[in-house]
J.: 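Structure below; questions to follow.
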Amino acid sequence: EDHPQTLSGFDDLAALLHAQRRLAEALPIYRNVLERRKEKLGEDHPQTLSGFDDLAALLHAQRRLAEALPIYRNVLERRKEKLGEDHPQTL
């Protein structure tokens, strides 16, 4: 379950559910993938940061803005530190 391709498959499933507005179903999958990526890759790995961003986007879609905003800010700061201010994922 922790193989990168398996995690990508779960992430794709969560993204599909998110796109279908099945937010309550997508949330635990996003959280699970994020936790596994943090354990395997570290908090600052690009895939982990994308996982944080996915989680924030889902919370935003659920109108849970107070929860989404600090995650968005954290991702932005980490990306600036790791990738630089001019990187496409930072802009």
Side-chain angles (χ1 to χ4, degrees):
E1 287 190 19
D2 290 338
H3 189 278
Q5 288 180 333
T6 304
L7 292 176
S8 289
F10 280 115
D11 192 55
D12 291 344
L13 173 61
L16 178 65
L17 293 168
H18 187 167
Q20 292 177 335
R21 307 273 314 143
R22 294 166 60 182
L23 306 178
E25 292 175 72
L27 181 60
I29 299 169
Y30 273 143
R31 287 190 192 275
N32 185 34
V33 170
L34 178 58
E35 288 306 311
R36 291 177 185 276
R37 283 184 172 158
K38 284 182 351 187
E39 290 172 12
K40 293 291 182 185
L41 304 173
E43 295 226 1
D44 292 328
H45 189 278
Q47 287 182 345
T48 306
L49 292 175
S50 290
F52 278 113
D53 199 48
D54 291 340
L55 175 61
L58 184 124
L59 293 170
H60 185 178
Q62 290 180 322
R63 301 192 185 280
R64 295 165 63 177
L65 305 181
E67 293 173 71
L69 184 59
I71 298 171
Y72 277 136
R73 285 184 173 149
N74 184 37
V75 169
L76 179 59
E77 288 306 312
R78 287 175 187 250
R79 283 181 172 159
K80 282 182 185 177
E81 290 172 12
K82 289 291 183 183
L83 305 172
E85 299 231 358
D86 295 329
H87 190 277
Q89 289 185 348
T90 304
L91 296 174

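These numbers come from the heavy atoms of this one structure, side chains and all, not from hydrogens, waters or symmetry mates. Note that the coordinates shown come from a computational prediction; the quantities given were computed from them, not determined experimentally.
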J.: Check Ala24 against Pro28 and note the closest heavy-atom contact, atom names and distance.
T.: O-CD, 3.2 Å

J.: Identify the two heavy atoms, one from Ala57 and one from Tyr72, that lie closest to each other, and give their separation to 0.1 Å.
T.: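 Scanning both residues completely, I find the closest heavy atoms to be CA-OH, 3.1 Å.
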
J.: Working to the nearest 0.5 Å, report the span between CG of Leu17 and CZ of Arg22.
T.: 5.0 Å

J.: Could you check if a side-chain atom of Ser8 sits within less than 4.5 angstrom of a side-chain atom of Arg37, using non-hydrogen atoms only?
T.: yes

J.: Hey, could you give me the CG/CG distance between Leu58 and Asp53, rounded to the nearest 0.5 Å?
T.: 11.5 Å

J.: Once side-chain contact (heavy atoms from CB on, under 4.5 Å) is applied, do any residues pair with Asp44, and if so which ones, sequence neighbours excluded?
T.: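 Expected list: Arg78, Lys82.
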
J.: Tell me, do Glu25 and Ile29 make a side-chain contact under 4.5 Å, heavy atoms counted?
T.: no

J.: Please report the closest heavy-atom contact between Ala56 and Ala68, naming both atoms and the distance.
T.: O-CB, 3.4 Å

J.: Excluding sequence neighbours, so at least two apart, what forms side-chain hydrogen bond (donor to acceptor under 3.5 Å, both in side chains) with Glu39?
T.: none

J.: Distance from Asp54 atom CG to Gln47 atom CD, nearest 0.5 Å?
T.: 11.0 Å

J.: Give a yes or no on whether His60 atom NE2 has more than 12 heavy-atom contacts from other residues, nucleotides or ligands under 6.0 Å away.
T.: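 For His60, atom NE2 is not crowded (no more than 12 foreign heavy atoms under 6.0 Å).
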
J.: In terms of hydrophobic clustering (I, L, V, M, F, W, Y; side-chain heavy atoms under 4.5 Å; direct or indirect links), are Leu41 and Val33 co-clustered?
T.: no

J.: Within a strict 4.5 Å, meaning less than it, do heavy atoms of the Leu55 and Leu27 side chains meet?
T.: yes

J.: If the condition is side-chain contact (heavy atoms from CB on, under 4.5 Å), which residues does Lys38 pass it with, not counting sequence neighbours?
T.: Leu34, Glu35, Glu43, Thr48, Phe52

